[in-house]
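Letters A, B, ... mirror the listed sequences (proteins, then strands); counts begin at 1.
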There are 2 protein chains.
Amino acid sequence: MSTGINPRPMRSRTGRRALGSVELAGTAGSRSRREILDAAARILRSHGYHATTLRDIAAAVGMKAGSIYYHFASKDEIVAAVMNDGVDHVLNTVESALRLLPPAADPRLKVEVAIRSHLSALLEYSDYTSAGLKAYSDAPEAVRQAARAHRRRYEAIWGRLVDDLMRAGRSPPGTSAQTLRLAVLGMMNWSPEWYRPTRHSIETLAREFAALLVQAKA
Amino acid sequence: MSTGINPRPMRSRTGRRALGSVELAGTAGSRSRREILDAAARILRSHGYHATTLRDIAAAVGMKAGSIYYHFASKDEIVAAVMNDGVDHVLNTVESALRLLPPAADPRLKVEVAIRSHLSALLEYSDYTSAGLKAYSDAPEAVRQAARAHRRRYEAIWGRLVDDLMRAGRSPPGTSAQTLRLAVLGMMNWSPEWYRPTRHSIETLAREFAALLVQAKA
DNA sequence: GTCTATATGAAGATAGAC
DNA sequence: GTCTATCTTCATATAGAC
């Protein structure tokens with residue numbers, strides 16, 4: 001049985017491949033296709049993998065469930081696209097923000113900027129990113145498999161940030177690079193469980209998280 | 001429509017109330033009841049709320065799905081019991097470990113011991129604890145509601161640990177008590193996403209996480 | 001491109017035999 | 001206490017009309 005998430009010819013208007021669409025800005029691709037993904041991301045974010053139904057997604061874009069299959073081959077193809085777009089989006093957000101800093105910027109500032117960008121994508125701007133985080137562990141293995149390359153690419157950014165930190169002698173004493181990376185991803189990725197826009201400030205959270213990870217300049 | 005998770009008379013052999021059973025050790029309660037909860041915890045931990053079916057749980061204890069209803073009024077009653085037992089278990093684990101320390105123990109040691117106990121319950125010993133974490137956000141509001149009191153009680157432990165830290169002047173500069181608490185719960189509770197017994201040591205992780213949260217003695 | 005109608009399966013829950 | 005049988009609902013997915 002095919003899971004329908006492997007790239008293969010689709011009868012889509014534009015003929016773009018099903019997986020790996022990267023342009024969240026919508027520079028290409030059919031209107032409906034992006035609208036469906038937007039709705040799916042929104043519902044996946046709040047309801048999770050199993051509680052998100054094609055009927056819900058279809059209703060959110062003013063369609064019936066059957067019509068979805070003109071645009072996507074399966075539910076899992078939609079989920080995979082949302083998940084991968086979500087990771088790619090937070091990757092682009094963080095990388096863009098880091099590129100605006102001078103290469104010689106203080107490592108503490110780099111970490112703080114990266115955290116702020118990550119939290120902002122996760123909590124404010126991208127249903128895709130939070131949907132991906134929430135749905136990942138419930139999705140079928142084929143979907144998770146397709147997501148792994150994207151995730152690894154993103155996690156490498158944090159590997160580099162942490163390495164810079166250690167090379168600059170600014171990591172807290174007694175912590176390995178590996179643990180530092182897992183710790184920062186954990187505090188950030190757990191935040192959807194408690195974050196309330198009215199109670200917390202992303203700006204402040206980023207500053208304080210960075211303070212935990214980076215030693216003050218000697 | 002009743003969700004079936006509110007305590008009410010059950011036709012159970014022992015007549016114990018449905019929710020809030022605290023004795024994980026099984027000092028009381030019917031054999032089948034605890035066996036069902038054990039199986040439910042194990043399956044919930046790996047499959048999550050929606051993908052855990054009464055048929056699966058029943059099969060795991062050598063029953064048919066219909067028979068479950070002799071012991072529990074609904075799936076959500078089972079889920080709520082697992083979740084609440086899970087929180088109570090990690091609370092007892094952490095509190096017991098802390099009680100073994102002298103009251104005047106170094107705050108760093110207290111934090112490290114608490115982290116080790118939490119990680120140990122979450123990753124090694126209790127299906128209930130990890131099941132509760134994984135199922136919480138997918139469970140119906142009535143189940144989450146029933147869990148809140150338990151969670152709050154547990155989180156208060158970390159509030160106290162962090163307060164001690166700040167009073168002792170050992171918290172990292174520039175971090176609030178609130179953020180410190182959310183950060184440590186985040187790095188710990190995200191760990192089921194990446195932890196592999198063959199690759200990580202709970203002992204080491206606890207030491208390194210504690211190093212992040214507690215300043216070296218001046 | 002979207003619809004209606006439907007095939008197919010699986011879920012939670014109940015009734016009543018044993 | 002557990003079983004079988006069944007009710008009801010709702011999911012993904014397909015076929016074919018428009």
Pair A:E203-A:R207, salt bridge (Lys or Arg N to Asp or Glu O under 4.0 Å): steps then yes or no: CA-CA 6 Å; A:E203 189 77 19; A:R207 192 163 4 89; 5.8 Å; no
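- Here the nucleotide nearest the side chain of B:S74, chosen from D:dT2, C:dA13, C:dG1, is C:dA13.
- Between A:H118 and A:Y154, the gap from one ring centroid to the other is short of 6.0 Å.
- The CG atom of B:D127 sits 10.5 Å away from the NE2 atom of B:H89 when rounded to the nearest 0.5 Å.
- Rounded to whole Å, the distance from NZ on B:K64 to P on D:dT4 is 5 Å.
- Rounded to whole angstrom, the span from the CZ atom of B:F72 across to the C1' atom of C:dG12 amounts to 16 Å.
- Side chain of A:S32, nearest nucleotide from C:dG12, C:dT2, D:dA13: C:dT2.
- Of the candidate nucleotides C:dT2, C:dT4, D:dC3, D:dC3 has the atom nearest to the side chain of B:M63.
- Atom-to-atom, CD1 of B:I68 to P of D:dT4 comes out at 14 Å; the value is rounded to the nearest Å.
- A straight line from OH of B:Y70 to P of D:dC3 spans 13 Å, rounded to a whole angstrom.
- Sorted by residue number, the members of residues 46-61 of chain B with any non-hydrogen atom under 4.0 Å from DNA chain C read B:T52, B:T53, B:L54, B:R55.
- Distance, B:E77 CD to C:dA13 P: 10 Å, rounded to whole Å.
- A:R34 places its CZ atom 16 Å from the P atom of C:dG1, with the value rounded to the nearest Å.
- The distance between atom NZ of B:K75 and atom P of C:dT14, rounded to the nearest whole Å, is 15 Å.
- The structure places CG of B:L165 at 7.5 Å from CG of B:L213, a figure rounded to the nearest 0.5 Å.
- Salt bridge annotation for B:R152-B:E155: absent, with no cationic side-chain nitrogen under 4.0 angstrom from a carboxylate oxygen.
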Verdict with reasoning, B:S191 to B:H200, per side-chain contact (heavy atoms from CB on, under 4.5 Å): CA-CA 10 Å; B:S191 66; B:H200 307 101; over 6 Å; no
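- The residue among A:S67 and B:G66 whose nearest nucleotide of DNA chain D is located toward the 5' end is B:G66.
- One interatomic measurement links the two molecules: CD1 of A:I36 to C1' of C:dG1, which rounds to 10 Å at whole-angstrom precision.
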Verdict with reasoning, A:D138 to B:H50, per side-chain hydrogen bond (donor to acceptor under 3.5 Å, both in side chains): CA-CA 9 Å; A:D138 289 331; B:H50 292 284; over 6 Å; no
